[in-house]
Amino acid sequence: MTYKTLDLSIADAVATVTLNRPEKRNAMNPTLHVEMTDLLEQLRYDDAVKVIVFTGAGKAFCAGMDLKEFFVELRDNPREYDRITRLAVEWRYRTLRYHPKITIAMINGYCFGGAFSFVEGCDLAIAADEATFGLSEINFKMFPGGSVSKAIANLLSPRDALWYGLTGYTFDGREAARIGLVNRSFALASLRDEAIKVARDIAGKDAVALRAAKEAFRYSLEMSGDAAMSYSSAKESEVVLRQNDAWREEGIGDFISGKYKPGLGGIEQASGGAHR
Ligand code: ACO
């Protein structure tokens, strides 16, 4: 599939996916939802990719759902409205959350409404200090619908979620970091370098361990303590099998033989390359 609304580049095991409708502030139209669904499926099976960074072309990260092409133009087409709604919820709320690759939202500018679900679905998020966030739905006589209310309930304190959900006030990247919507914020001029550095650091880790770290966290959230312990134990056996016990043989083995100190970094940093 060739994409009209997305741009993809891959380097050093990091895929960068750029929402590419700058003239519409990267609003998510039906085509974008179809294309993102397809692209996430492709990247799922791409062995050259360990981390995916999402960003936006131009001065926006994503201005939310396309208010015209989605809410207005599909009003009289309930079947297509339902189909696109399902795709839109699925890729942001479920596909990203359980995607086998590690995902990072790099918020370079405007980020409104439905884009909060996108950010929340990613494992990590890094924003420009200068980015502008807002739950703008209340400004046009709506509420944070679709997957947005659940996304903000997952990440924000009730005070912050209702503060921004009820007022529609905008806030910047520093505030997004303060309230836990993103991990960190940096000056826009250094945003890409900072995000790519984190992405490459993560890409230097063992792929099986990365996936287990993500899945153990994601699924533990949904389990009782006892079920989580049992899951974790089964997951450990899976890691041993899939890695051929490399975490013991190499990971711990190289520490015991004095090659590196895992408390201070990975073997890949000590040897200047990827973990064997
Ligand atoms: N849906 C559809 N089109 C949009 C959207 C959107 N969410 N956001 C921007 N656009 C379009 C504009 O209509 C305009 O199109 P045109 O050039 O054909 O007239 C173009 O993008 C540029 O928009 P401007 O408003 O001229 O750009 P500016 O940089 O001044 O402002 C801003 C950007 C602040 C994002 C403004 O466009 C805006 O408020 N957009 C709506 C944001 C929003 O409320 N999103 C919905 C959240 S709710 C949800 O996702 C469910």
Side-chain angles (χ1 to χ4, degrees), residues 5-9 11-12 14-28 32 36 51-65 67 92 96-97 102-140 144 147-149 151-204:
T5 65
L6 302 173
D7 180 67
L8 170 68
S9 64
D12 302 327
V14 177
T16 301
V17 175
T18 305
L19 275 58
N20 198 16
R21 302 184 73 214
E23 73 289 353
K24 298 289 182 187
R25 306 300 178 255
N26 304 319
M28 297 178 283
L32 188 145
M36 187 66 91
V51 180
I52 309 170
V53 175
F54 297 94
T55 192
K59 65 182 188 180
F61 170 68
C62 173
M65 289 294 266
L67 298 175
R92 287 171 301 159
L96 281 179
R97 194 176 309 281
I102 306 304
T103 53
I104 303 177
M106 182 175 96
I107 301 111
N108 52 303
Y110 292 127
C111 179
F112 290 111
F116 278 50
S117 301
F118 183 7
V119 171
E120 190 264 340
C122 290
D123 301 317
L124 302 174
I126 303 174
D129 293 337
E130 300 92 327
T132 302
F133 293 80
L135 289 166
S136 55
E137 293 90 336
I138 203 72
N139 293 337
F140 57 85
S147 54
V148 180
S149 280
I152 59 176
N154 284 345
L155 275 189
L156 304 185
S157 75
R159 291 285 180 230
D160 289 325
L162 288 170
W163 180 265
Y164 289 113
L166 295 174
T167 63
Y169 290 164
T170 59
F171 54 97
D172 65 13
R174 288 192 187 89
E175 172 70 353
R178 188 193 71 78
I179 65 176
L181 180 59
V182 304
N183 294 93
R184 301 271 190 285
S185 78
F186 298 96
L188 179 60
S190 59
L191 177 68
R192 185 170 291 270
D193 286 349
E194 297 286 353
I196 294 297
K197 179 189 178 310
V198 175
R200 288 197 177 140
D201 285 347
I202 292 171

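We use all heavy atoms of the structure for the numbers below, so side chains are in, but hydrogens, waters and symmetry mates are not.
- For Phe133 and Phe112, the gap between ring centers reaches or exceeds 6.0 Å.
- Atom CG of residue Leu96 and atom OG1 of residue Thr103 lie 5.5 Å apart, to the nearest 0.5 angstrom.
- Between Phe54 and the options Val17, Val119, Thr16, a side chain to side chain contact (heavy atoms under 4.5 Å, CB included) holds for only Val17.
- Formation of a donor-acceptor pair under 3.5 Å by the Thr167 side chain with backbone atoms of Tyr169 is found in this model.
- Residues Ala115 and Cys62 come closest through the heavy atom pair CB-O, 3.4 Å.
- Using a 4.5 Å heavy-atom cutoff, the side chains of Trp163 and Ile179 are not in contact.
- Residue-environment remark: CZ (Arg97) exceeds the threshold of 12 foreign heavy atoms within 6.0 Å.
- The two residues Ile152 and Leu135 have their closest heavy-atom pair at CD1-CD1, 3.9 Å.
- Between the side chain of Asn26 and the backbone N or O of Arg21 there is at least one donor-acceptor pair closer than 3.5 Å.
- We find that Lys197 and Asp201 are joined by a salt bridge, their nearest charged nitrogen and carboxylate oxygen being less than 4.0 Å apart.
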(message) Please evaluate residues Ile202 and Val51 with respect to the criterion side chain to side chain contact (heavy atoms under 4.5 Å, CB included), reporting the C-alpha separation (whole Å), side-chain torsions for both, the decisive distance (0.1 Å), and the verdict.
(response) CA-CA 7 Å; Ile202 292 171; Val51 180; 3.8 Å; yes
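- Closest heavy-atom contact between Pro22 and Ala57: CB-O, 3.7 Å.
- Summarising the geometry, atom CD1 belonging to Ile104 is positioned 10.0 Å from atom CD1 belonging to Ile52; distances are rounded to the nearest 0.5 Å.
- Across Asp12 and Ala203, no two heavy atoms sit closer than the pair O-CB, 4.2 Å.
- Side-chain contact check for Asp193 and Ser190: no donor-acceptor pair (N or O, by modelled atom type) lies under 3.5 Å.
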(message) The test is side chain to side chain contact (heavy atoms under 4.5 Å, CB included); show your working for Arg178 and Asp160 and say whether it passes.
(response) CA-CA 10 Å; Arg178 188 193 71 78; Asp160 289 325; 3.8 Å; yes
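- Counting heavy atoms from C-beta on, the side chains of Ile196 and Arg200 come closer than 4.5 Å.
- With respect to Glu120 and Arg92, no salt bridge is recorded, no charged nitrogen being found less than 4.0 Å from a carboxylate O.
- The backbone N or O of Gly56 lies less than 3.5 Å from no partner atom in the side chain of Thr18, so there is not a single donor-acceptor pair.
- With a 4.5 Å cut-off on side-chain heavy atoms, Leu181 and Leu155 count as touching.
- Heavy atoms only, all atoms of each residue included: Leu191 and Asn108 are closest at CD2-CA, 3.7 Å.
- When all heavy atoms of Ala177 and Asn183 are compared, the pair lying nearest together is CB-O, 4.4 Å.
- For Phe61 and Phe118, the ring centers are positioned less than 6.0 Å apart.
- The CE atom of Met106 sits 8.5 Å away from the CD1 atom of Ile126 when rounded to the nearest 0.5 Å.
- For Tyr164 and Glu175, the side-chain atoms include at least one donor-acceptor pair closer than 3.5 Å.
- In this structure, Lys59 NZ and Arg25 CZ are separated by 4.5 Å, a value rounded to the nearest 0.5 Å.
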(message) Let's go through Asp129 and Ser185 carefully: what are the C-alpha distance in whole Å and the side-chain angles of both, what is the deciding distance for side chain to side chain donor-acceptor pair (under 3.5 Å) to 0.1 Å, and is it a yes or a no?
(response) CA-CA 5 Å; Asp129 293 337; Ser185 78; 2.6 Å; yes
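- Remark: Met28 CE to Leu67 CG distance equals 10.0 Å, nearest 0.5 Å.
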(request) Apply side chain to side chain contact (heavy atoms under 4.5 Å, CB included) to the pair Thr132 and Asp172, showing each step before the final yes or no. (result) CA-CA 5 Å; Thr132 302; Asp172 65 13; over 6 Å; no
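- In this structure, Leu6 CG and Leu19 CG are separated by 6.0 Å, a value rounded to the nearest 0.5 Å.
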